[in-house]
Structure formats: structure tokens, C-alpha cells
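No hydrogens, no waters, no symmetry mates; every other heavy atom, side chains included, goes into these values.
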Amino acid sequence: MLTTFNELVAAGRVGAFPDTGWPNAEIQNAHLVGIQNLFLGEATPEQVLTNMQNAVK
């Protein structure tokens with residue numbers, strides 16, 4: 001069952017989720033909420049990035 005997965009890992013075609021290296025969980029929350037707000041037209045990309053940067057602190 002894991003043969004295909006193992007082949008992809010061996011070929012270097014599998015990687016970790018980008019958020020696994022983020023300093024804290026608040027950044028992921030700011031990211032997810034920000035993406036939703038982008039789709040709703042309630043935030044700009046700049047606002048989302050600013051909120052994510054502020055979550056680092």
C-alpha cells in the first residue's frame with residue numbers, strides 16, 4: 001500500500017507542509033483566516049501578510 005508513496009519520497013517528490021517550519025501556531029491561523037478573507041474580499045494580500053508577520057511577534 002505504501003509502495004507508491006515510498007517511490008515518491010525516494011524520488012524527492014514529497015515534502016513537508018510549509019507551515020511545519022513556522023515559529024508558532026498563530027501564524028498558521030493568521031494564514032488560514034487571511035486566505036478566507038481574501039476570497040470574501042475582506043482583505044488584501046498585503047493585509048494578510050502583515051497579519052502573518054504580526055503573529056510572529
Side-chain angles (χ1 to χ4, degrees):
M1 180 173 195
L2 294 175
T3 303
T4 303
F5 177 73
N6 289 335
E7 290 171 357
L8 291 170
V9 170
R13 296 184 60 197
V14 175
F17 285 105
D19 63 351
T20 60
W22 292 353
N24 62 53
E26 288 80 18
I27 301 167
Q28 180 185 35
N29 185 57
H31 175 251
L32 295 174
V33 170
I35 295 299
Q36 290 175 357
N37 287 335
L38 281 173
F39 285 127
L40 293 171
E42 296 177 359
T44 65
E46 292 80 12
Q47 290 169 322
V48 174
L49 292 173
T50 298
N51 290 339
M52 289 176 68
Q53 277 300 114
N54 291 338
V56 172
K57 302 172 184 171

Tell me which donor-acceptor pairs under 3.5 Å the side chains of residues 48-57 have, and how far apart each pair is, sequence neighbours excluded?
unit_1	atom_1	unit_2	atom_2	d
Thr50	OG1	Glu46	O	2.9
Asn51	ND2	Gln47	O	3.3
Asn54	ND2	Thr50	O	3.3

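Distance CG/Leu32 to CD1/Ile27: 12.0 Å, rounded to 0.5 Å.
Sorted by first and then second residue, the ring-ring contact (aromatic ring centres under 6.0 Å, His included) pairs involving residues 34-57 (not counting sequence neighbours) form an empty list. Within the structure, every pair that satisfies the side-chain hydrogen bond (donor to acceptor under 3.5 Å, both in side chains) test and touches residues 25-36, not counting sequence neighbours, is listed here: Asp19-Gln28. For residues 2-17, no residue pair satisfies the side-chain hydrogen bond (donor to acceptor under 3.5 Å, both in side chains) rule, not counting sequence neighbours.
Considering every non-hydrogen atom in both Val14 and Leu8, the closest pair reads CG2-CB, 3.6 Å.
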